[in-house]
Structures are given as C-alpha cells and as structure tokens.
Colleague: 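Below is the structure I would like to discuss, written out as structure tokens.
Because only heavy atoms are used, hydrogens play no part in the values below, and waters and symmetry mates are left out as well, while side chains stay in. The sequence lines fix the lettering, A, B, ..., with proteins before strands; numbering per chain opens at 1.
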Amino acid sequence: MMSPPDTGDRPPGAAAGTSSQSGLAAALTPVLTVAVSLLGLCLLWGLAAHAWPSRAFPGPGQVWQVLLAEAANGDLFYHLGATLGRVAAAYVVAMVVGSLIGVLLGSHRSADRFFAPWVVLFLNIPALVVIVLAYIWFGLNEAAAIGAVAVNKIPNVVVTMREGARALDPTYAEMAAVYRFGLLDRIRHVLLPQLQPYLAAASRSGIALIWKIVLVVELLGRSNGVGFQIYLYFQLFDVAAILAYTLAFVAVMLVIELLVVQPVERHATRWRRRPA
Amino acid sequence: MQPVGAAVPLRVDIAEKTFRSAQGVSITALQDLSFEVRQGEFACLLGPSGCGKTTTLRILLGLDKDFSGSFHLPEGGSDRIAAVFQEPVLLPWRTVEQNVRLALPKSLRTKNLDGLFDTLGLAGMRSLYPAELSLGLARRAALARAFATEPAVLFLDEPFASLDERTAERLRHLLLTVWSARPTTALMVTHNLREALMLSDRIIVLAQRPAHVLGMFDVRLPRHYRNPQVMSDLLRSFQQKFPGVA
Ligand SMILES: Nc1ncnc2c1ncn2[C@@H]1O[C@H](COP(=O)(O)OP(=O)(O)OP(=O)(O)O)[C@@H](O)[C@H]1O
Ligand SMILES: [Mg+2]
C-alpha cells in the first residue's frame, strides 16, 4: 500500500511507523486536535481575565471553583436534571408530532398545498411569543412549558420530514403491498429506514434548538432548571455561576451527542458501509 | 377433484388501460387483453419492448387500479401472490435473509429456508446487505423471496434482464430447479423468445402497443427434453406460426 505524501501535520515518528501505528495516530489526531484547541481557548480566556480583572469577567479557575461547589451541594445536578427532562420531553413531542404531520403533508399533495402557508407562518413566529402565549393561555405549568418548546420546534421537523416523505421510493411500498406486509412491518422496515437520514437531520438541529429555547422557558416561568439558575445569578450579577451552569449544560449535551446520538446513527446506517 | 372453476387460477379480461401523460397526451397501453393461465402452468407473456407487459403485471398485482375490465386470481385457500420485479427491489437496510423472511406470512416466518438458499446458491450470503450483492445475486435473492412465500400465483417481470448471457442462463436453470420442486402457477414477462421457449408451458404472444393477444404457442415438451436441437425446432415452428415476431 502506498502511503500518502507527508503533509507535515503529523509528528515524524507517526509518518515513519507501520500501518497499524499510523492508523492509531490517525484515529487519535482528531481527538488530540480538539483537546489542544479547547485548551488553547481556556488559556486565552485565563490570560484575558488576568489582564482585565473584573467581577463581570471571571477566569476559568473561578468558574471551575463555582462548578465544584454547586456540584458538591447537589444544586448543579438538580437543575441540570430538570432542564434535561424538559429537553427530552419537548424533543420527543416535537419529533413525533412533527414527523406525523410532515409525512402526511409530504405524501398528500393537496393537503400540502393547503397547509403549506400554515407551516411558513408557524416557522416565523418568534419563540418568545409562543412561550408567553402558552404561559398566558395554559398557566405557568410544566405542560405549557414543554408544549411551548415543542411548538417552536415542530415546524422545522415538519419541513424536514416533508422532504423525506417526498423522497420515498414507491417501489418499496409496492413490494410491501404485493407481499402483504402488516402495518407495523411497513412502518418499521419500509418507512422508517427511508426516513432515517431526515430523522437524523431533524434530531440534530432539533436538540440544539430545543435546549436553548428550554432555557428561555425556564427563565420566564419555571422555578428550577438551568435557565432559572442563570436568571437568578443574573440578578445577583454572579457571572462565574452563570458560566458554570452554561458550560456544565453544554458538556452534558456534548456527552449525549457522543454517547447516544452518534452510536444510534452508526447503528441505523450500518447497511451503507460495504467492506472494501 | 377440484371444482372446474379452480382449474383456472388466473383469468384476465382487461378491456382498456390508458395512461394520461403530464402534457395531457393519452397513451393506450392495453386493449382487449384477455388470456388464462391454468393450474400449475408456467406461462410467458412475450411481447416487444414497451408494448405494455409491465403494465399488465402491475394491474394483476393490484398496484394499478385505474383500468377497465377485470381479472380473477385464485380465491380462498392460499391466495397469496408473489412477484419478482424488473428490478430486484430488496430493502437495502435489511439482510438477504431478513428480506426473504419479511415477505413471509406470520405462519411461515420461522420456516426453514436452508434448502431454498442452498438451491439458489445463496447459502453463504444470508447475512449480507443488498449493496454487497452483485445484480445476479440480488436477483437470486428476489427469486428466493418469491418462492419462500409459497404463492398461489407467481409473477415475474423480466427477472433476467440486464444480466450477461452466462449469468442469465445459470439463473434460468436455477429458476427451473426451484420451480420444479414445487410447480406453481406462474406468469413471466419477457421479450426474449429463446427464454420463453426454454422455460414455459405456454407462450402468450402480445402485439405491439396497445397490447392484445396475437395468439398462443404451446410447448408441450417436458423441459428436460429441450436440448439445443429441439430448441431450434421449436424456434422454427414458432416463427412459422408467428412470422415477424422476435
Ligand atoms: N406511468 C406511466 N405514464 C404514462 N405512460 C406510461 C406509464 N407507464 C407506462 N407507460 C407507457 O405504457 C407503455 C407500456 O409500458 P410498459 O412498461 O408496460 O412496457 P413493457 O412492455 O413492460 O416494456 P419493457 O419490455 O421495456 O419493460 C409504454 O409505451 C409506456 O410509455
Ligand atoms: Mg417492463
């Protein structure tokens, strides 16, 4: 096997190693790059905080101290859990409702023509308006909070899943009809695998959007969660705590991405990989 | 004995099938098309490309209901039908074996498929995904799926199209082997006369579009007598009866 020309971004040892060693190096390089990059950001942040010392701009060390304290007294996990629960609930509601509507619109042209303006309308209603109206109409309760977040996300899911339904290959449905597949088999083995890339796309953009909206919902009308804490520390002008909660939640979402989203996706697309 | 009606499992009487294209042009694909396929008979629909063979099969498979006329498939008992489409149409996200088993009715889901896979030379490929198969292997998998369901009527739409001649010939023999193990009423579409003469009991010859039956050609000879010498005799008598076809 020919080795590619050395581009100079690898240590010389790796370039000269056997193929298995360079394979390991190739696998480690992206991880190392991310680690070094994040470390660099921390360093820059620390230097900047050192240069302009201010209560409004704490360094990474201070934030870490707050994080440890909040973790030790259990507050961190309580509020992270509350927010995570809302994110999960809103995600499930938005994906299920949005997928159903999207697939129906994508497979019925006349319904699509009629409802398309509704979708555009809902796409353009600001998240804040939906949240405020939900709290006014349904009260300051959990259902209103989760519903408001879901309603904000549903139009996006509808648009993506409508594309997915339009791209369905009718020959598979015809095969399933000839061999008299049951309804469940059709959904599980014919419909969902074809929609999988669209589900994955909607999920990805969904989680990112949903957790940001959940913070706003918590700030406006809940008495726990990361959003509530951020609002609390905003009133106390405690920037270190605000950053501690934000970073903790970003870290949780990254871990979910790595441990749940990516493995699920790899499993769902295993049939695409063909041995060389 | 079976009642007389049951002796003809497939009776087709399509008065007309017209397509309307997007520009409003209408194309009559089938007109006064009627024929029968007898119990346990392997029949071939032979006609020029574009004459309406696939259209006929789609109607019989219940995939196209916009036509005038009628057809009868066997009723009661095992009224399952199976189809081998012009393309293999395997679910790319399921393995070969899963593709076959998914097509089976609940009562057969767990049945032993070793014999069938062995006969079709798919024994080592049960756990492969369709993307890992060549076209010839994919077509074998489609045959396995059709035969596994133990259908009352089997429909095949040019199952050997776009294969090289050697592969096609091997697959024809494989088809005959599986079919002979359990002779099923079958209707195969082809525009290959040699293939029709080799495989079928009866050839239903279709005219150019709009398709209708030009005539029947019975091949009464048992299949294992159809050696090259006999085949060229058959070919000659077919051409005498249908000059200008193929
Ligand atoms: N969906 C459709 N809309 C309009 N015309 C169609 C449609 N499907 C088929 N036709 C027309 O009907 C005629 C018959 O088509 P069909 O696919 O049945 O031919 P065929 O005999 O199977 O041909 P081949 O041997 O090439 O597969 C063709 O002339 C085709 O143009
Ligand atoms: Mg055809």
Side-chain angles (χ1 to χ4, degrees), chain A residues 95 99 103 106-110 112-113 160-161 163-204 261-276, chain B residues 54 57-65 73 78-109 125 127-134 137-138 141-142 144-157:
Chain A
M95 288 303 291
S99 298
V103 169
S107 38
H108 294 90
R109 285 186 70 104
S110 48
D112 186 30
R113 266 197 293 271
T160 309
M161 296 313 291
E163 276 318 303
R166 283 179 186 152
L168 288 175
D169 186 341
T171 58
Y172 296 126
E174 291 178 346
M175 186 277 291
V178 167
Y179 285 107
R180 300 186 191 164
F181 280 34
L183 182 66
L184 278 182
D185 278 349
R186 272 180 217 224
I187 293 176
R188 221 182 113 199
H189 302 291
V190 181
L191 192 62
L192 286 181
Q194 289 187 80
L195 293 177
Q196 188 274 330
Y198 298 88
L199 281 169
S203 288
R204 256 166 204 291
V261 178
Q262 287 186 5
V264 165
E265 224 164 277
R266 264 200 300 279
H267 178 77
T269 54
R270 67 203 179 284
W271 57 273
R272 285 183 208 277
R273 286 199 308 261
R274 36 183 324 181
Chain B
T54 299
L57 277 204
R58 286 179 56 82
I59 289 175
L60 299 181
L61 290 171
L63 299 175
D64 193 335
K65 299 204 160 69
L73 289 168
S78 165
D79 60 348
R80 277 193 300 276
I81 55 174
V84 178
F85 302 91
Q86 210 160 348
E87 299 300 321
V89 196
L90 301 167
L91 300 173
W93 38 85
R94 294 289 177 263
T95 63
V96 169
E97 176 157 2
Q98 286 168 338
N99 264 288
V100 174
R101 287 203 188 277
L102 275 172
L104 300 178
K106 287 274 175 312
S107 56
L108 296 177
R109 273 281 161 94
M125 327 238 159
S127 60
L128 294 188
Y129 288 102
E132 295 161 351
L133 303 178
S134 66
L137 288 173
R145 176 174 63 190
F147 278 99
T149 59
E150 301 175 11
V153 184
L154 171 64
F155 295 97
L156 304 113
D157 192 353

Colleague: If you count heavy atoms of other groups shown closer than 6.0 angstrom to CZ of A/Arg180, is the number above 12?
Modeller: yes

Colleague: Looking at every heavy atom in both B/Pro92 and A/Trp271, which two are closest together, and how far apart are they?
Modeller: O-CE3, 3.3 Å

Colleague: Which atoms form the tightest heavy-atom contact between A/Ala177 and B/Leu63, and what is the distance?
Modeller: CB-CD2, 4.3 Å

Colleague: Could you check A/Thr171 against B/Phe85 for side-chain contact (heavy atoms from CB on, under 4.5 Å), going step by step and ending with a plain yes or no?
Modeller: CA-CA 9 Å; A/Thr171 58; B/Phe85 302 91; over 6 Å; no

Colleague: In sequence, state the C-alpha distance, the side-chain angles, and the governing distance for B/Leu91 and A/Met175, and then conclude on side-chain contact (heavy atoms from CB on, under 4.5 Å).
Modeller: CA-CA 9 Å; B/Leu91 300 173; A/Met175 186 277 291; 3.8 Å; yes

Colleague: Distance-only, no hydrogens or angles: does the A/Tyr179 side chain make a donor-acceptor pair with backbone N or O of B/Ala83 under 3.5 Å?
Modeller: yes

Colleague: Heavy-atom distances under 4.5 Å only: say whether B/Arg58 touches chain A with side chain, backbone, both or neither.
Modeller: side chain

Colleague: Which heavy atom of A/Phe181 sits nearest a heavy atom of B/Leu102, and at what distance?
Modeller: CE1-O, 3.5 Å

Colleague: Side-chain contact, heavy-atom cut-off 4.5 Å: B/Trp93 with A/Gln196?
Modeller: no

Colleague: Using 4.0 Å as the upper bound for N to carboxylate O, is an ion pair formed by B/Arg94 and A/Asp185?
Modeller: no

Colleague: Taking all heavy atoms of A/Tyr172 and all of B/Leu90, pick out the closest pair and write down the distance.
Modeller: CE2-O, 3.5 Å

Colleague: Can you confirm whether more than 12 heavy atoms, excluding those of B/Arg109, are under 6.0 Å from its CZ atom?
Modeller: yes

